[in-house]
2 protein chains.
Amino acid sequence: MQLKELGLRSGVSTASIKFYLREGLLPRGRTMDSSRAEYTQAHLRRLELIKGLRTVVGLGLDRIKAVTAAIDDGQLGDVELMGRVQAMVLGLAEDPVPDHPLTAGLVGSGRWVDAPSQARNSLNQLLHRMDDLGVPARAEVLAAYADAVDQVAALDLASAEQAGSRDELVLAVAVGTHLYSQLLLKMLAVAQASRAMRPGGRGRGQGAP
Amino acid sequence: MQLKELGLRSGVSTASIKFYLREGLLPRGRTMDSSRAEYTQAHLRRLELIKGLRTVVGLGLDRIKAVTAAIDDGQLGDVELMGRVQAMVLGLAEDPVPDHPLTAGLVGSGRWVDAPSQARNSLNQLLHRMDDLGVPARAEVLAAYADAVDQVAALDLASAEQAGSRDELVLAVAVGTHLYSQLLLKMLAVAQASRAMRPGGRGRGQGAP
DNA sequence: GGGTTTAGGATAGTTCCACTATCCTGTTGG
DNA sequence: CCAACAGGATAGTGGAACTATCCTAAACCC
């Protein structure tokens, strides 16, 4: 198929497709002659992926580029790839961050595997940032969160089993990660709102311990 | 104090302060003469608030404007105000959204107060959106999330008791809400990463049910 | 009292992002 | 044969959040 058809089928304007080609988000089609190129199903899938990552997950083009680069990296296994995608979607830090005492405590307790990860870097980064901002995380809150997320993590997000391509796999995981993380936040808001409405709101606080 | 001093003390350029004045984010100072106006501590606090909401919480100027308008609304009590702030920070929907069956189930179970709220609207919005996207939320996941957030909500976020002004109160709550919601997400990521690293990763999935 | 700063207002310019539109040349299908 | 479309290059758009320039008038300082 050629440019116009690709645009029609994907619902992306030819102008935008050209833009994505220029930016290297979408690989070039097979050039037929000086003014024609042939696109395949793979291009269509890639375009769906870009569309989903932009509109549903809200990623910027630079992030999407990193994701597509990871997909196209044959060295990278599926599991590694998923980790990268999760990191992109949740905006996790890639550079190592020294362990915060609270992280060390959590990991040391044997609750979680004691291995470096982007997720752990990000957690450390946030904890350090909270210290810097003069709002240090309280240990008992962390403990409660740990219990909570541990239950949640036990549920497998990914309906990724039946993905036919790495593009589809990534899209499913990215969308799932994003939507379920949003779900967690909204539910927390509902729970807090619910508590705020119940008796015992002591003046200024939003709830009671 | 005058413009320049306000800029120096707050660490915001005079050009930006002028911009905020124009946009109505910062109230005008008391005009002394055609080319002089006097600013107070209240202006300084407001500027700190704007800075915090932008740089820490990442709110856009339109949202910040809504927050400052709420602060300056004398009709609004502190508790109401806090609800608005939480809604702004977490990007909750203001318009009513019809209950999703899953929400109805949660509320009907008596777990949470059965009253409309922005938080509930947002949850409904998200659940409908997930249906539309063909990724409906699974009831058992929702149940696990509910247990989790209920524990978390039991902890009072706000170190807001000792705030001296509504500006300081709002800043404390906004920063707290934002940072603790981020904390929850990062910890979830860590928990998931930890499970992914443990044995039993069945091929493509990220964890086990 | 005159010269240099500065305030405050108005207006225009800048940077970044994600497109979108225009122009041009070169096929190509009917 | 020629309108239509392909692909490439380049420029323009619109929103967000500033930033810079210009101007007049007042004030501080000696």
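Naming convention: chains lettered A, B, ... in sequence-line order (proteins, then strands); numbering from 1 in each chain. Keep in mind that what you see is a predicted model, and the values were worked out from it rather than measured.
Between the CD1 atom of B:Ile17 and the P atom of D:dT19 there is a distance of 12 Å, rounded to whole Å. To the nearest angstrom, C1' of D:dA17 lies 15 Å from CG of B:Leu53. As a whole-Å value, the separation of A:Arg28 CZ from D:dA9 P is 7 Å. Rounded to whole Å, the distance from CD on A:Glu23 to P on C:dC19 is 10 Å. In this structure, the CZ atom of A:Arg22 is 9 Å from the C1' atom of D:dT10, given to the nearest Å. One atom, CZ of B:Arg63, and another, C1' of D:dA17, lie 16 Å apart when rounded to the nearest Å. For the pair A:Lys4 NZ and D:dG8 P, the interatomic distance rounds to 18 Å; values are reported in whole Å. Following rounding to the nearest Å, B:Leu59 (CG) and D:dC18 (P) show an atom-to-atom distance of 12 Å.
Contact check, B:Ser16 against D:dA17: no side-chain N or O comes under 4.0 Å of OP1 or OP2. The phosphate of C:dC19 has OP1 or OP2 within less than 4.0 Å of a side-chain N or O from A:Tyr20. When the side-chain nitrogen and oxygen atoms of B:Lys18 are compared with OP1 and OP2 of C:dG8, none of them lie within a distance under 4.0 Å.
The nucleotide whose nearest atom lies closest to any side-chain atom of B:Ala15 is, among D:dA17, D:dA20, C:dC19, D:dA20. Between D:dT10, C:dC19, D:dA17, one nucleotide has an atom nearer to the side chain of B:Phe19 than all others, and that is D:dA17. Of the candidate nucleotides C:dT20, C:dG8, D:dA6, C:dG8 has the atom nearest to the side chain of B:Leu3.
For residues 44-93 of chain B, there are no ring pair (Phe, Tyr, Trp, His ring centres under 6.0 Å) pairs, not counting sequence neighbours.
Side-chain contact between A:Arg195 and B:Val113 is absent, with no heavy atoms from C-beta onward closer than 4.5 Å. You'll find the side chain of B:Lys186 stays beyond 4.5 Å of the side chain of A:Leu90, heavy atoms only. Inter-residue side-chain proximity for A:Trp112 and A:Val149 is flagged as met; some heavy-atom pair is nearer than 4.5 Å.
Across all strands shown, B:Ala37 has heavy atoms under 4.0 Å from sugar-phosphate atoms exclusively, and none from any base. Within 4.0 Å (heavy atoms only), B:Ser13 reaches sugar-phosphate atoms of the nucleic acid but no base atom. Residue-level contact check: B:Arg54 touches the backbone only, with heavy atoms under 4.0 Å from sugar-phosphate atoms and none from bases.
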Sequence neighbours excluded and cut-off under 3.5 Å, please list the side-chain donor-acceptor pairs for residues 47-57 of chain A, or say none.
unit_1, atom_1, unit_2, atom_2, d
A:Lys51, NZ, A:Ser10, O, 2.9
A:Arg54, NH1, A:Leu59, O, 2.6
A:Thr55, OG1, A:Lys51, O, 2.9

